[in-house]
Amino acid sequence: MTWTMPAEWEPHERAWMAWPSAEYTLGERSDEAWATWAAVANAIVRFEPVTMIVPAHLKDVAAEYLAPEVDVVEGDLDDGWYRDIGPTFVWGQEDALGAVNWDFNGWGAQDWATWDNDAHASLIATSASGATLIDSPLVNEGGGIHTDGEGTFLVTRTVQLDPGRNPGLTEAEVEEELAQTVGARKVIWLPRGLTRDAERFGTRGHVDIVACFTRPGRVLLHDQQDPEHPDFEVSRLIRETLEAATDAAGRPLEVVSMPAPTVLRDDEGWVDYSYINHFVVNGAVILCAFDDPHDAVAKEILAAEYPGREIVLVDARPLFARGGGIHCITQQQPAVPVE
């Protein structure tokens with residue numbers, strides 16, 4: 001079977017999410033975490049079905065926060081980042097739905113993470129969706145890849161080639177596995193991710209807060225414009241890499257700047273606040289907001305990039321304080337392609 005991962009902006013059957021339960025994600029304010037996860041789910045469900053996976057002991061709590069339209073299924077979890085612990089859905093011949101089950105080891109066997117349950121959390125959505133299970137030996141997460149839907153993928157060397165994930169694996173071997181599982185025809189290797197994301201509680205450089213396709217041949221780039229921030233240099237480096245690249249069809253990439261929020265630091269250090277970490281749903285885009293002057297700029301840019309879709313802002317600061325954003329907690333199940 002030949003498998004292909006569709007672009008995120010193609011029609012969805014539903015969105016999948018996971019209710020946060022780990023202490024290292026809940027932090028000192030579990031109510032803030034639950035309210036934020038619910039705010040994202042409640043925003044999405046206005047446009048497409050949402051299924052939230054909830055551990056049994058938290059079902060009553062989740063019911064207090066979630067809109068009644070959100071479907072709830074019971075499942076054991078360590079954490080709530082379903083982009084990373086969930087399956088990556090793909091299409092095969094004759095409209096066969098597949099679900100890639102990556103090997104998950106806590107973002108490179110981080111000493112603060114647990115993943116006894118998360119290593120198998122992908123199977124919950126795989127089974128419920130009726131998808132064909134595609135087991136992959138590659139240690140990878142959904143936030144570590146992004147596609148144009150035509151076989152071009154963005155990845156970072158600090159994730160797929162991370163010694164804590166895939167020791168000794170080469171670029172060619174990663175590309176071969178991505179070709180077999182998600183239909184990669186061209187892999188563009190970005191050198192790294194953002195600074196905060198490379199620190200102890202980060203993912204070591206997920207691409208989904210750095211750059212994303214908005215259509216084939218066109219990429220949005222996280223553009224840190226303040227030279228005081230270390231991501232000023234990261235943005236320059238990523239831009240050089242993207243502008244020198246071509247996609248699977250041989251086209252040079254058009255790179256569109258997405259200005260970073262103006263805030264540079266929080267109580268923990270340099271922020272990795274990013275508007276790149278949005279989620280495209282049926283008829284809308286769920287956009288990270290930061291109570292920042294650039295929220296309006298990002299909304300205008302995305303309205304132009306995704307014409308006809310409503311741009312819905314959700315305060316993502318509680319998510320980023322816990323290590324991710326809106327894209328990180330969501331995973332799309334594509335709808336059956338229309339011929």
Discussion item. Looking at E23, I want to see if its CD is surrounded by more than 12 non-hydrogen atoms of other residues, nucleotides or ligands under 6.0 Å.
Written reply: no
Worksheet item: With a cut-off of 6.0 Å (strictly less than), are more than 12 heavy atoms of other residues, nucleotides or ligands near CG of D111?
Response: yes
Worksheet entry | From F104, W19, W37, W16, residue fulfilling ring-ring contact (aromatic ring centres under 6.0 Å, His included) relative to W81 | W37
Discussion item. Would you say R14 and Q331 are linked by a side-chain donor-acceptor pair, where the criterion is simply a distance under 3.5 Å?
Written reply: no
Discussion item. Taking the six-membered ring of W270 as reference, does the cationic atom of R196 (NZ for Lys, CZ for Arg) lie under 6.0 Å from its centre and within 45° of its axis?
Written reply: no
Fill in: Approximate separation, where rounding is to 0.5 Å, of D79 CG and T114 OG1
7.0 Å
Discussion item. Strictly below 4.0 Å, N to O, side chains only: are E69 and R46 in salt-bridge contact?
Written reply: no
Worksheet item: Only one of V219, D223, I276, T214 clears side-chain contact (heavy atoms from CB on, under 4.5 Å) with M258; which?
Response: I276
Fill in: Check: Y275 ring centre within less than 6.0 Å of H327 ring centre
no
Discussion item. Between K186 and D247 (salt bridge meaning N to carboxylate O under 4.0 Å), is one present in this structure?
Written reply: no
Worksheet item: Mind checking whether H222 and Y273 have ring centres under 6.0 Å apart?
Response: no
Worksheet item: Does the side chain of H146 come under 3.5 Å of the side chain of E8 through a donor N or O and an acceptor N or O?
Response: no
Worksheet item: Would you call K59-E74 a salt bridge at under 4.0 Å N-O?
Response: yes
Discussion item. Check R185 with E150, please: is the shortest side-chain N to carboxylate O separation under 4.0 Å?
Written reply: no
Discussion item. Is it the case that the side chains of Q160 and N166 hold a donor-acceptor pair, with the cut-off being a distance below 3.5 Å and no angle test?
Written reply: no
